[in-house]
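First comes the structure, then the notes that go with it.
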Number of protein chains: 2
Amino acid sequence: MILNHPGCPIGNTVSKLTRSEAKRQAIVDAARDIFIEKGYGESSMDDIANRANVSKRTVYNHFPGKDALFGSIIEGECDKAMESVAKRMAYCEEDIEGTLREFAARFLDIIYSPDGVKLFRTIVAEADRFPELGTVFFQAGVCPAQFHAQEYIAKMMDQGRLRKDDPEKAATLLFCLIKGDMHYKLLLCFQEEASPEELTALIDDALEMWMRAYAPAS
Amino acid sequence: MILNHPGCPIGNTVSKLTRSEAKRQAIVDAARDIFIEKGYGESSMDDIANRANVSKRTVYNHFPGKDALFGSIIEGECDKAMESVAKRMAYCEEDIEGTLREFAARFLDIIYSPDGVKLFRTIVAEADRFPELGTVFFQAGVCPAQFHAQEYIAKMMDQGRLRKDDPEKAATLLFCLIKGDMHYKLLLCFQEEASPEELTALIDDALEMWMRAYAPAS
DNA sequence: CAAAGTAAACTGCACCGTGTAGTTTACTTC
DNA sequence: GAAGTAAACTACACGGTGCAGTTTACTTTG
């Protein structure tokens with residue numbers, strides 16, 4: 001399976017699409033919506049073509065097949081959703097809890113968003129058929145975000161402002177806590193969505209406990 | 001969708017199946033294997049009939065359709081996998097950490113088992129089409145297991161042997177920790193399986209931190 | 001500058017082969 | 001007689017392909 005850039009070629013500005021580029025973008029947009037909404041198996045190329053207002057023939061002119069289109073789309077979505085997470089996790093040396101709260105909030109913005117939940121569910125659903133997408137998901141976002149936090153935690157530990165421990169372990173446990181129990185519930189449609197208040201409470205509880213456990217030893 | 005008991009009618013012993021009951025059980029066994037292995041969409045009734053060594057006509061004699069068969073199977077699997085978790089979580093008043101470790105191990109036995117991961121992935125994948133299965137999963141196992149731990153934690157808090165807090169919150173956070181980060185990795189095929197050593201380490205880390213955070217206030 | 005030409009992309013259609021859930025039918029087995 | 005069998009059937013749906021004709025955006029020519 002070849003993973004190509006799904007949308008417009010690099011270097012083009014939005015305002016100057018050739019006909020071909022515009023069509024390709026329409027296909028990508030339609031495919032993204034339909035794949036995320038219905039998953040791989042229940043999405044049809046006819047539906048995608050119709051929603052993109054192109055002929056199916058044209059879809060095949062741009063993409064060699066359904067597999068390639070799906071892989072391309074999902075990879076693009078992973079990159080898009082997660083690439084900004086680590087970049088938006090701002091440091092503040094003064095306020096450890098505030099910083100970690102910021103990390104948590106940025107991370108949950110993505111994984112608890114309706115689109116994020118659907119993307120995750122889609123990747124899980126197709127994990128057997130497209131196992132590399134799980135890797136993409138982790139390497140695009142989760143690993144960098146967690147590593148970012150780990151580096152920060154290591155620095156705070158070095159300064160004696162957090163209890164000394166393996167920073168990787170501490171970051172892992174922190175992320176377990178901030179993921180919370182609601183994410184599984186959303187995945188399984190046991191709960192419809194998480195309100196901002198619920199997410200704030202989740203972060204509060206997780207952070208309070210984590211800070212308690214990692215307070216500098218007395 | 002009618003959720004019926006998929007296997008033999010209640011009251012029968014294994015050694016005395018009628019022909020019809022034996023056939024039904026064969027269908028259930030085959031369907032379970034195939035649905036868990038391939039998910040709903042990629043499983044065919046022809047395959048199920050072949051694997052059960054029955055005619056497809058017979059499958060339809062026992063189950064009204066593919067939907068009903070799937071729902072029935074998955075519900076049965078949830079009950080079977082999870083019903084024993086809470087029951088096998090043994091109490092020990094003397095040793096809090098040992099008790100919680102036992103709870104954790106019993107819980108992880110199920111959700112980290114290859115079959116457990118596959119079951120979970122299947123339910124996630126079909127969450128849109130069969131949203132009630134997520135509810136079954138949570139109500140059959142996760143909620144009782146967590147509630148069991150919560151009751152124990154409440155008792156220990158009352159005795160002043162754990163730091164006073166909302167027992168439900170404490171149990172929730174504990175379960176977030178013991179679920180660990182590996183479960184998502186298994187779901188996404190980012191990791192193939194979790195070794196017993198990895199699970200032990202996971203429990204150790206989680207418990208150590210949780211106990212630290214919930215040590216009685218000095 | 002307008003007309004003619006060109007190449008690329010697109011369209012719509014028909015088609016192919018395959019797979020599927022569900023149904024029917026005539027027969028066999030217990 | 002109830003349950004099961006095997007085979008065939010039905011009615012779709014789907015991914016993918018080839019092709020003639022059309023459209024579009026650009027270039028060339030007079």
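Naming: A, B, ... by sequence-line order, numbering from 1 per chain. Since the model is a prediction, treat every value here as computed from it, not as a measurement.
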Protein proximity profile, nucleotides 23-30 of chain C - base contact B, sugar-phosphate-only contact S, no contact -, cut-off 4.0 Å on heavy atoms: BB----BS

Tabulate below the donor-acceptor pairs under 3.5 Å that side-chain atoms of residues 169-179 of chain A make, not counting sequence neighbours, or state none.
{"unit_1": "T172(A)", "atom_1": "OG1", "unit_2": "Q146(A)", "atom_2": "NE2", "d": "3.3"}
{"unit_1": "T172(A)", "atom_1": "OG1", "unit_2": "E168(A)", "atom_2": "O", "d": "2.8"}

Return the set of residues passing side chain to side chain donor-acceptor pair (under 3.5 Å) with S43(B) (not counting sequence neighbours), or none when no residue passes. none

Taking 4.0 Å as the cut-off, does a side-chain nitrogen or oxygen of S55(B) come that near to OP1 or OP2 on dT5(D)? yes

Under the side chain to side chain donor-acceptor pair (under 3.5 Å) rule, collect the residues that match up with R19(A), sequence neighbours excluded. none

Whole-Å distance between dC10(C) P and E21(A) CD? 10 Å

Under 4.0 Å between a side-chain N or O of H62(B) and OP1 or OP2 of dA3(D)? no

So which one's nearest nucleotide on DNA chain D is more toward 5', N53(B) or D47(A)? N53(B)

Measuring from the side chain of K66(B) (C-beta onward, heavy atoms only), which nucleotide among dT20(C), dA9(C), dG15(D) has the closest atom? dT20(C)

Figure out the CG/C1' separation between L69(A) and dC14(D), and round it to whole Å. 15 Å

Atom-to-atom span, CG of N61(B) to C1' of dA21(C) - whole angstrom: 15 Å

Could I get the full list of side-chain contact (heavy atoms from CB on, under 4.5 Å) partners for A125(B), not counting sequence neighbours? A125(A)

Partner residues of E97(A) under the side chain to side chain donor-acceptor pair (under 3.5 Å) criterion, sequence neighbours left out: R101(A)

Tell me: CG of N50(B) to P of dT20(C), nearest whole Å? 11 Å

Going by the side-chain hydrogen bond (donor to acceptor under 3.5 Å, both in side chains) test, which pairs reach into residues 105-119 of chain A, not counting sequence neighbours? E102(A)-R106(A), R106(A)-D109(A)

Using a 4.0 Å heavy-atom cut-off across all strands, classify S20(A) as base, sugar-phosphate, or nothing. sugar-phosphate

Side chain to side chain donor-acceptor pair (under 3.5 Å) involving S20(B) - partner list, sequence neighbours excluded: none

4.5 Å side-chain heavy-atom contact, F103(B) and L207(B): no

Mind calculating the distance between CD (Q25(B)) and P (dG4(D)) to the nearest angstrom? 14 Å

Using distance alone, with no hydrogens and no angle criterion, decide if E197(B) and T200(B) have a side-chain donor and acceptor under 3.5 Å apart. no

Just how far, in rounded Å, is C1' of dC10(C) from CD1 of I27(A)? 10 Å

Interface residues of residues 35-46 of chain A with DNA chain D (non-hydrogen, below 4.0 angstrom): S43(A), S44(A), M45(A)

